[in-house]
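The structure under discussion appears below in the form of structure tokens.
Throughout, numbering of the chain's residues begins at 1 and tracks the sequence.
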Amino acid sequence: MSSRLRDRTSCQPKLHNHHYQVTTKTAVAMPNHFTETLTCPLTELATNLSDSELRETAYEILVGACRSSGVKPLTFISHSDKNSGRARALTSTASLQRSLSSTAASNVKKALGLKSSGKRQVSGESDSERVKKAVTIGEMLRVQMRVSEQIDSRVRRALLRVAAAQLGKRIESVVLPVEMLQQLKPSDFPNQWEYEAWQRRNLKILEAGLLLHPLLPLDKTDTAAQQLRQIIRGALEKPLETGKNNKSMQALRSIALSLACRTFDGSVSETSHWADGFPLNLRIYQMLLEACFDVNDETSVIEEVDEVLELVKKTWVVLGMNQMLHDLCFLWILFNRYVGTGQVESDLLFAANNLLMEVEKDAKAMTDPDYSKIISSTLGTILGWAEKRLLAYHNYFHSDNTETMECVVSMAVLSAKIMVEDISHEYHRTRKEIDLARERVDNYIRSSLRVAFVQIMEKLKSSKRSSKNQQNQFPFLSILAQGVSTLAFSEKAIFSPLLKRWHPLAAGVAVATLHSCYGNELKQFVSGIGDLTPDILQVLRAADKLEKDLVQIAVENSVDSEDGGKSIIREMPPYEAESVISNLVKSWIMTRLDRLKEWVDRNLQQEVWDPQTNKENFAPSAVEVLRIVDEALEAFFLLPISMHAVLLPDLTTGIDRCILHYISKAKSGCGSQSTFVPSMPVLTRCSTRSKFVGVFKRKEKFQIAQGRKSQVGTTNSNGSLGISQLCCRINTLHHFRIELDVLAKRATSHVRNSESAHMGNIADGMGKAFELSTTACVKGIKQLCEITAYKIVFHDLSHVLWDGLYVGEVSSSRIEPFLQELEQYLEVISLTVHSRVRTRVITEVMKASFDGLLLVLLAGGPPRAFHLQDYETIADDFKSLCDLFWSNGDGLPADLIQKFSTTVSAILPLFHTDTDSLIEQFQYMTLETYGGSAKSKLPLPPTTGQWNPTEPNTLLRVLCYRSDETAAKFLKKTYNLPKKL
């Protein structure tokens, strides 16, 4: 054993110091409040065997194994008693009786790094008593295993009987519980109850070793196992008769031997396998190893540990143990004792760590699945305990116990390494090249510092709450920055030198973690405020100082690193106070813009576009939106920063987008110019009979009107917008355009008064603020004016224009009804629309009216036909229409009316031109347009909608609606046009 273990100093470079060894127990011990009970990593037994029952079984195996290996008991004699007569009287042959000086160091203790405790006392004896009495190793083991002299005497008596009955068979060749049951009778016990309890214990051991946890798995069809199970069940209910000739006892012996002597190849084994199956053997062995600890001092390993282990190893043949399993079990015993006794004896932890290094060597060579399972469970428990401390090592370690921490880190890293590299099949499949130790320690540093950071925060918060004087307090994050700086320097001085053994950039990782933690709080702090204050500036200055301290530590720590610390510095994105302020303001801007967008949507949802809601006849939603915009601009310029001009475009651009959204919604759902214009009917020629028919009957006119309404591409009256609503939208966009100009000028004025030196250039560009919205307002007003005009003319007045004007006899269906109703709409517009855009709206209505008149004359369909003498009537109606808009000088300017009536004025003379001249003019213009291809046959000119007296399609349409025989024949001959649709 000692040759396989190294001295503690091999893994703890500082532990050779003599002063350390003297003071270890007080200097590195953890407080008693860390006492805890660990769950045994060994698999639970499938039967309810208590520790005392396992311990008694272990003692029987130990005594039996020792007797089997020699004819006389081993004797221990201390150095001080060597010359006593009693000692000489008890001394046997030199090969079996070994004395050990109490001052000589134990090889096992030396190998494990355990301190020698000097002279020991056995079983509480005084020095004077000890001089009078030499103590054998066997006697010492009895006391260590808490076995009474009475039980010891009974066990030795039974083993003598077994030896006599088995004719010198070795212990590994017999099924000891069966032999003990055979040899001990009720008379060997103080009372029947104790005998029955002893018998039940042996039966349960048999059940556990042969049925529940056998070395070789049982065959389900094995009748022997079923018979043994029945015998044990019956014996547990009623005590078993154990006489030599008793049938039940003979059956038990026969079946137990047959099960115990099974082998993998089916041959009969001379070795009985009744206590070497997992985990029974480990639990029994655990009881034996516990004897290495002094019964009077649970934290102390006895000085005679070498002799004890020498005897304990004699049980290996019975329990199926080997050196690797021994190392693993002893590791667990040492570690569990350290934890279970309040972590006061750090020597136990150092010993466990040294033994763990041997386990690491064992694991590399071991492929047994049972061993892999046990080592995984054991190391998993150790790793869990270690990482619980290391993930928050600031709570468990300090400057006085860093050596204990170093040992805990070593155990955690070794345990993880063994579990991952030596027994992990996944690792061997992938073979990822990772530095496991560095990765683990990196995680410990980051986790513990995050925990420490949170604790500093909680402490500061608690202190702040309990402080009575709430005035003139420093900002929380400013104080936090000081606390984090103190923690960083403490980490650098105490823990980083220790952790550098596994992680060369330990200090860098620590400060990077603190930098991130504080940075997160700083970001959260900044994101939660709306205005910059002196407190905020103080926080930013404290953050800047903290950052410089942390970066300095990282740089110093990275001097010798491969990348010069670049990887750590990359983890520390600068706080940048100015950038933080800038981002803060941008975030503030985004919040305001989001709020503005929400207000826009909310107000638009509630908007009914009623011009009567205020005296200016624009939408109330516009007032609210512009109020919020104005408040946002005012609040922006009140921010205590020096970068207004730089960040103002972010605000104005966002406002521009929100207002564009409003304008878009204001125009949506209103339709377009083409929505209201009726589709043109197919070209037809007039019937010459029409001049004899006279006017249409009223019923026919009504049917035509109904049919024509069905051709108008618009929504019905219930779904269409009223003219007053359209006027309200026009006013609203006009109001926006005016107010945006005011806001842009005000922003420019603010920028010019700003503290920044380069404001001139930016202020000059402020004229472009809200440019998109202003342009959209202008375009939107134009579109709404056109939509309003065409809706009035082609939708609201279609019954008197498209469905009534010049239908049938011209003289009886003149323009007067249209003018009367149109005048009412013009009155509404004059009262509703803002004076600055009123002329534009009325002008669009006039243009739409002119277009409507031309559409009636040139594309009115079969219900309309015109004679030459109708020209005077039409011209007079056209003059009346123009007079309506001139309104005796109170309406539109005469030159404006003349400008937009030019097309109508140019086309009307065609209705006064004789048919032959029209045909001749049409043929000429067609030939001019289409060239030589038109000589053989005149092509049908397409409808462009661009009416012109020299345009072939316009001339053709005048001919189509000419109630004349010559025109009808020409159209019939040239294009074969029908008389009706």
Side-chain angles (χ1 to χ4, degrees), residues 1-8 40-43 54-55 57-59 61-66 68-69 106-114 137 141 144-145 171-172 209 213 215 271 273 275-293 301-302 304-338 348 350-379 381-382 411 414-415 418 422-423:
M1 175 70 178
S2 61
S3 64
R4 304 184 72 246
L5 298 176
R6 67 186 67 180
D7 187 81
R8 189 177 75 210
C40 181
L42 306 179
T43 306
L54 288 170
R55 189 181 297 110
T57 300
Y59 186 72
I61 294 171
L62 176 64
V63 175
C66 290
S68 180
S69 63
S106 161
N107 290 330
V108 172
K109 278 195 168 187
K110 183 178 179 181
L112 291 176
L114 291 167
I137 292 295
L141 272 171
Q144 288 293 110
M145 295 187 71
I171 187 68
E172 64 268 22
H213 305 290
L215 178 65
T271 302
H273 303 286
D276 51 357
F278 289 107
L280 176 63
N281 59 343
L282 299 181
R283 293 298 306 278
I284 294 174
Y285 196 68
Q286 182 181 354
M287 297 298 112
L288 294 170
L289 291 179
E290 292 284 355
C292 295
F293 291 94
V301 176
I302 59 176
E304 298 79 16
V305 63
D306 297 48
E307 285 75 15
V308 170
L309 289 178
E310 185 178 344
L311 293 183
V312 167
K313 288 182 179 181
K314 294 181 183 297
T315 66
W316 285 8
V317 292
V318 177
L319 299 176
M321 298 296 291
N322 54 36
Q323 187 65 47
M324 286 185 283
L325 288 171
H326 165 80
D327 289 346
L328 187 58
C329 286
F330 202 20
L331 164 64
W332 171 251
I333 294 298
L334 289 168
F335 176 76
N336 189 43
R337 182 59 64 103
Y338 168 73
L348 296 177
F350 296 136
N353 183 49
N354 285 331
L355 197 51
L356 182 58
M357 295 181 189
E358 298 303 315
V359 171
E360 181 186 17
K361 296 176 185 177
D362 297 339
K364 293 181 184 296
M366 175 55 71
T367 57
D368 181 65
D370 286 327
Y371 178 79
S372 296
K373 183 178 179 181
I374 295 164
I375 193 174
S376 293
S377 178
T378 303
L379 297 185
T381 302
I382 292 174
M411 293 192 73
L414 277 174
S415 298
I418 294 169
D422 296 332
I423 61 177

Original post:
Step by step, would you call Leu311 with Leu62 a side chain to side chain contact (heavy atoms under 4.5 Å, CB included)?
Top reply: CA-CA 7 Å; Leu311 293 183; Leu62 176 64; 4.3 Å; yes
**OP:** Please test Val308 against Leu289 for side chain to side chain contact (heavy atoms under 4.5 Å, CB included), starting from the C-alpha separation and ending with a verdict.
**Re:** CA-CA 9 Å; Val308 170; Leu289 291 179; over 6 Å; no
Subject >> Steps toward side chain to side chain contact (heavy atoms under 4.5 Å, CB included) verdict (Phe293, Leu334) >> reply: CA-CA 9 Å; Phe293 291 94; Leu334 289 168; 3.8 Å; yes
Original post:
Would Leu414 and Leu379 satisfy side chain to side chain contact (heavy atoms under 4.5 Å, CB included), going step by step from the backbone distance to the final call?
Top reply: CA-CA 9 Å; Leu414 277 174; Leu379 297 185; over 6 Å; no
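By the 4.5 Å heavy-atom criterion applied to side chains, Met411 and Ile382 are counted as neighbours. Under the 4.5 Å side-chain criterion, counting only non-hydrogen atoms from C-beta, Leu325 is in contact with Phe278. Using a 4.5 Å heavy-atom threshold, the side chains of Leu348 and Val301 count as touching. Proximity of Leu356 to Phe335: side-chain heavy atoms (C-beta onward) are nowhere separated by under 4.5 Å. Contact check for Cys329 versus Gln286: no side-chain heavy atoms found under the 4.5 Å cut-off. In this structure, the side chains of Thr381 and Asn336 stay at 4.5 Å or more apart for every pair of heavy atoms. Side-chain contact check for Met321 versus Leu282: some heavy-atom pair is nearer than 4.5 Å. In this structure, the side chains of Asp368 and Met324 stay at 4.5 Å or more apart for every pair of heavy atoms.
In this structure, CD in Glu360 is found 12.5 Å from CG in Asp327, a value given to the nearest 0.5 Å. In this structure, Lys313 NZ and Asn322 CG are separated by 11.0 Å, a value rounded to the nearest 0.5 Å. The NZ atom of Lys109 sits 8.5 Å away from the CD atom of Glu304 when rounded to the nearest 0.5 Å. How far OG of Ser377 is from CG of Leu328: 9.5 Å, rounded to the nearest 0.5 Å. Atoms CD1 and SG, from Ile137 and Cys66 in turn, are 10.0 Å apart once rounded to the nearest 0.5 Å. Considering CZ of Phe330 and CG of Leu309, their distance stands at 5.0 Å, rounded to 0.5 Å.
At distances below 3.5 Å, at least one donor-acceptor pair connects side-chain atoms of Ser376 with backbone N or O atoms of Ser372. With hydrogens and angles disregarded, a donor-acceptor distance shorter than 3.5 Å links the side chain of Thr315 to the backbone of Val312. Between the side chain of Gln144 and the backbone N or O of Cys292, no donor-acceptor pair lies under 3.5 Å. For the pair Asn354 (side chain) and Leu112 (backbone), a donor-acceptor distance under 3.5 Å is present. Between the Asp306 side chain and the Val108 main chain, a donor and an acceptor come within less than 3.5 Å of each other.
The aromatic rings of His326 and Tyr285 sit perpendicular to each other, their planes meeting at more than 60°, with 30° as the lower class boundary.
A search for ring pair (Phe, Tyr, Trp, His ring centres under 6.0 Å) contacts involving Tyr59 returns nothing, not counting sequence neighbours.
Taking all atoms of both residues into account, the shortest heavy-atom contact from Met145 to Arg55 is O-CD, 2.8 Å. Looking at every heavy atom in both residues, Gly320 comes nearest to Asn281 through O-ND2, 4.3 Å. Across all their heavy atoms, Ala275 and Leu319 have their closest contact at O-CD2, 3.5 Å. Annotation for Ile302 and Ala291: closest pair CD1-O, 3.8 Å, computed over non-hydrogen atoms.
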